[in-house]
Amino acid sequence: EAQVTQNPRYLITVTGKKLTVTCSQNMNHEYMSWYRQDPGLGLRQIYYSMNVEVTDKGDVPEGYKVSRKEKRNFPLILESPSPNQTSLYFCASSLGGGFYEQYFGPGTRLTVT
Amino acid sequence: AQKITQTQPGMFVQEKEAVTLDCTYDTSDQSYGLFWYKQPSSGEMIFLIYQGSYDEQNATEGRYSLNFQKARKSANLVISASQLGDSAMYFCAMIFVSGGYQKVTFGTGTKLQVIP
């Protein structure tokens with residue numbers, strides 16, 4: 001089954017404790033992206049990757065890091081989480097280089113206290 | 001910079017009626033793609049419909065159609081014969097691609113509630 005998986009689905013952590021949210025897709029997609037969803041703000045792109053070792057900032061990259069060492073994986077790293085990073089996070093993937101629908105993961109609800 | 005505006009935070013529609021969800025966009029680029037996604041209360045994001053900026057005909061997918069007016073920079077979603085299962089958040093999104101650059105911008109969403 002074609003899918004995007006994210007782990008963990010729920011996470012409660014404390015300020016400053018490094019964490020990683022994993023994202024994996026099995027569709028051989030070139031393009032992968034991370035979004036955060038906040039009430040009243042919709043989804044905002046954090047980082048995206050056009051292919052292995054190619055990443056770029058989205059609209060809200062501050063406080064986040066990403067890496068793309070393999071085509072299927074695109075982890076999101078919060079090195080020192082703060083309460084304003086409490087949000088619902090989505091990973092998505094699509095074919096690259098054009099206007100293709102994105103396939104979304106189930107979301108990760110992160111709470112930083 | 002690209003911007004998507006959805007001016008209707010919430011809407012109600014009677015079951016079996018048609019409803020239009022508004023989406024306007026702002027870009028100086030000539031080539032872009034417009035998408036609509038549905039997010040039910042369960043939280044997943046579901047792709048509904050796509051319109052390319054050079055497509056001359058409005059896109060349709062079953063009960064969904066996209067009313068694309070390029071000169072007005074609008075890409076409204078029309079849902080015909082609303083069903084209770086259409087109650088959800090709806091997001092309009094735009095993709096801009098240029099060389100090694102592919103950014104996605106979403107609107108703030110419209111919460112649609114279908115009344116029996």
Inset, instruction - Check the side chains of A/N84 and A/S82 for a donor-acceptor pair under 3.5 angstrom, ignoring hydrogens and angles. - result: yes

Legend entry - Proximal component of A/Q102, with respect to chain B [non-hydrogen, under 4.5 Å]: both

Inset, instruction - With a 4.5 Å cut-off on heavy-atom pairs, point out which of A/L43, A/L88, A/N51 contacts chain B the most. - result: A/L43

Inset, instruction - Check each atom of B/Q6 against the heavy atoms of chain A and say whether the ones under 4.5 Å are side chain, backbone, both or neither. - result: neither

Legend entry - Test of ring centre spacing under 6.0 Å for A/Y47 and A/Y64: no

Inset, instruction - Heavy-atom pairs under 4.5 Å with chain B are the metric here; pick the option from A/R109, A/Q45, A/K57 that has the most. - result: A/Q45

Inset, instruction - Go through the structure and list residues passing side-chain hydrogen bond (donor to acceptor under 3.5 Å, both in side chains) with B/T105, not counting sequence neighbours. - result: none

Inset, instruction - Tell me yes or no: between the side chains of B/S31 and B/D29, is some donor less than 3.5 Å from an acceptor? - result: no

Legend entry - A/Y35 ring center near A/F90 ring center (under 6.0 Å): no

Inset, instruction - Sort out for me which of B/V104, B/T108, B/I95 touches chain A most, counting heavy-atom pairs under 4.5 Å. - result: B/V104

Inset, instruction - Using non-hydrogen atoms and a 4.5 Å limit, figure out which bit of A/Y100 sits close to chain B: side chain, backbone, both or neither. - result: backbone

Legend entry - Toward chain A, the part of B/S42 with a non-hydrogen atom under 4.5 Å: neither

Inset, instruction - Pick whichever of B/M45, B/Q39, B/Q102 has the most heavy-atom pairs under 4.5 Å with chain A. - result: B/Q102

Inset, instruction - Apply the test side-chain hydrogen bond (donor to acceptor under 3.5 Å, both in side chains) to residues A/T108 and A/Q6: give CA-CA distance (whole Å), side-chain angles for both, the deciding distance (0.1 Å), then the verdict. - result: CA-CA 7 Å; A/T108 295; A/Q6 291 179 231; 3.1 Å; yes

